[in-house]
Amino acid sequence: MKIVDVVVETFTYKSRIVRDSEGHTHPGPEHDATQTLLRIVTDKGVEGYSFGASPGPIAHLVKPILIGQDPFYRERIWQQLKERQRLNLATLYDGVLAYVDMALWDLAGRALNQPVYKLLGGYRDKVKAYASTMCGDDLPGGLDTPEAYAAFALACKARGYTAFKLHTWQPPMPGAPDVKRDLAACAAVREAVGPDMVLMLDPFHYYSREEALALGRGLEKLGFFWMEEPMDEHSTSSYVWLADQLDLLICGPETAEGKMQTRAEWIVRGAADISRGGVGDLGGITPLMKAAHLSEAFGMRLEVHGGGPGNLHALCAMGISGEFYERGLLHPFLDYEQPPPWLNELPDPMDDQGYVHVSQRPGLGLNINFEYVRAHRVPG
Ligand code: XYH
Ligand code: MG
């Protein structure tokens with residue numbers, strides 16, 4: 001089997017999610033948006049798909065490497081793309097590698113009529129989810145006050161979630177960042193949901209060591225399970241210092257560059273108690289499994305960053321598995337249970353016990369509405 005084409009199709013849809021000047025997502029007015037479908041095409045007619053890739057780097061950097069290769073040589077292709085990143089980091093970022101790697105895993109599953117997690121070596125077929133909120137906002141009835149977070153946590157508990165992670169207020173929101181307000185939101189949530197719900201915090205990502213320590217000590221009093229990314233993750237030493245001071249579990253790194261090598265450094269230096277990363281941070285399912293096996297060798301869990309089928313299939317193939325699937329980002333104003341128009345069903349359906357079930361369909365299990373993609377395709 002040989003790869004004969006690599007295509008990115010751009011199409012339009014209506015979105016109610018907007019980004020603030022820092023890039024954080026929030027509910028907003030309905031507007032036109034675009035999405036992309038990456039298609040890796042073979043000479044045997046089998047294709048692999050993923051959503052979100054940028055057309056430019058795929059056409060100029062990825063396609064010339066893939067054409068003519070056997071799509072089952074994922075490790076070789078991933079290593080070639082990783083090496084090509086060194087002088088093309090502005091365009092060939094880890095997310096691009098992730099889209100390509102996921103489409104290759106999808107292609108293998110479709111060719112062999114197996115879900116990806118079984119090709120990886122299945123371990124389970126469902127994973128407990130946590131409700132992962134959007135960052136705080138100033139929308140009345142949204143996530144604008146500690147009481148609003150508490151109300152939303154109760155709604156998520158009623159939906160079946162057994163765990164809830166707050167993303168609290170970040171700049172450019174007025175008054176952010178503020179350790180005291182973060183702790184007020186966490187206290188309101190704990191008061192509302194009771195002692196049994198698992199709670200985590202993902203706050204402003206650039207607090208000082210002292211602010212992160214004050215936050216961590218406050219979370220210990222509230223019985224929180226983990227805190228992630230309270231400081232700039234480029235300072236490993238700061239996380240070593242923080243983890244030494246706290247009983248609260250520190251989970252990371254999430255966004256620090258360097259794939260599984262960075263995670264190895266954090267583990268050997270004691271910068272975190274739980275490792276972290278998702279397909280977007282590491283560059284695909286292939287490196288995410290490398291990081292999972294690295295963590296396992298140290299008897300540590302890796303909690304996967306972000307949702308989506310790539311992360312879910314990896315979670316279902318981990319020996320020391322991440323305990324949770326990050327479902328979100330959620331907000332009281334948005335109905336997460338509705339699939340996007342380009343899919344006929346949610347890729348991460350959750351039962352009323354709080355478990356997300358991995359698809360048994362071949363590949364990543366995406367039930368793609370190709371007719372929608374065709375009908376809304378952007379010419380060119
Ligand atoms: O928007 O700052 C943010 C969130 O932290 C986002 O980057 C991401 O979804 C995350 O951190 N999830 O845990
Ligand atoms: Mg995070």
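Every number for a ligand or one of its atoms is a count from 1 in the order of the listing. The structure presented is a predicted model; accordingly, all values stated were derived computationally and were not measured.
- A centroid separation of less than 6.0 Å is found between the aromatic rings of Trp226 and Tyr130.
- Heavy-atom proximity to Lys165, at under 4.0 Å, picks out these atoms of ligand 1: 12 (N), 13 (O).
- Using a cut-off of 4.0 Å between Lys/Arg side-chain N and Asp/Glu carboxylate O, Arg327 and Glu337 are scored as salt-bridged.
- By the 4.0 Å N-to-carboxylate-O rule, Lys259 lies close enough to Asp94 to be salt-bridged with it.
- Note on Glu47 versus Arg110: no salt bridge recorded, every NZ/NE/NH1/NH2 to OD/OE distance being 4.0 Å or above.
- Salt-bridge formation is detected for the pair Arg301/Glu303: a Lys NZ or Arg NE/NH1/NH2 atom is positioned less than 4.0 Å from an Asp or Glu carboxylate oxygen.
- At least one heavy atom of Glu228 lies less than 4.0 angstrom from ligand 1.
- The environment of CD in Gln261 is crowded: more than 12 heavy-atom neighbours from other residues, nucleotides or ligands sit within 6.0 Å.
- The side-chain heavy atoms of Thr10 and Pro55, taken from C-beta on, include a pair separated by under 4.5 Å.
- For ligand 1, the atoms closer than 4.0 angstrom to any heavy atom of Asp202 are 5 (O), 10 (C), 11 (O), 12 (N), 13 (O).
- With respect to atom 8 (C) of ligand 1, the closest heavy atom belonging to the protein is His305 NE2, 3.4 Å.
- Those atoms of ligand 1 with a heavy atom of Gln170 less than 4.0 angstrom away are 2 (O).
- Taking the six-membered ring where the residue is Trp, the centroids of Tyr149 and Trp169 are separated by under 6.0 Å.
- Of all protein heavy atoms, the one lying nearest to atom 1 (O) of ligand 1 is His24 ND1, 2.7 Å.
- Remark: aromatic rings of Phe225 and Phe164 are distant, center separation not under 6.0 Å.
- With hydrogens left out, the protein atom closest to atom 11 (O) of ligand 1 is Glu254 OE2, 2.5 Å, a heavy atom.
- Only side-chain heavy atoms of Leu329 come within less than 4.0 Å of ligand 1; its backbone N, CA, C and O stay farther off.
- Residue contact check: His205 has heavy atoms under 4.0 Å from atoms 2 (O), 3 (C), 5 (O) of ligand 1.
- Looking at Asp70 and Lys2, no side-chain N of the basic residue comes within less than 4.0 Å of a carboxylate O on the acidic one, giving no salt bridge.
- Proximity to Glu326 (heavy-atom distance under 4.0 Å) selects the following atoms of ligand 1: 12 (N), 13 (O).
- For ligand 1 and Cys135, the ligand atoms under 4.0 Å from any heavy atom of the residue are 1 (O), 2 (O), 3 (C).
- Under a 4.0 Å N-O distance rule, the pair Glu326/Arg276 qualifies as a salt bridge.
- Geometric assessment of Lys126 against the ring of Tyr355 yields a positive cation-pi assignment under the 6.0 Å and 45° thresholds.
- For Arg276, the closest heavy-atom approach to ligand 1 falls below 4.0 Å.
- Excluding water, every protein N/O/S atom under 2.8 Å from the Mg ion (ligand 2) is given here by residue and atom: Asp202 OD2, Glu228 OE2, Glu254 OE1.
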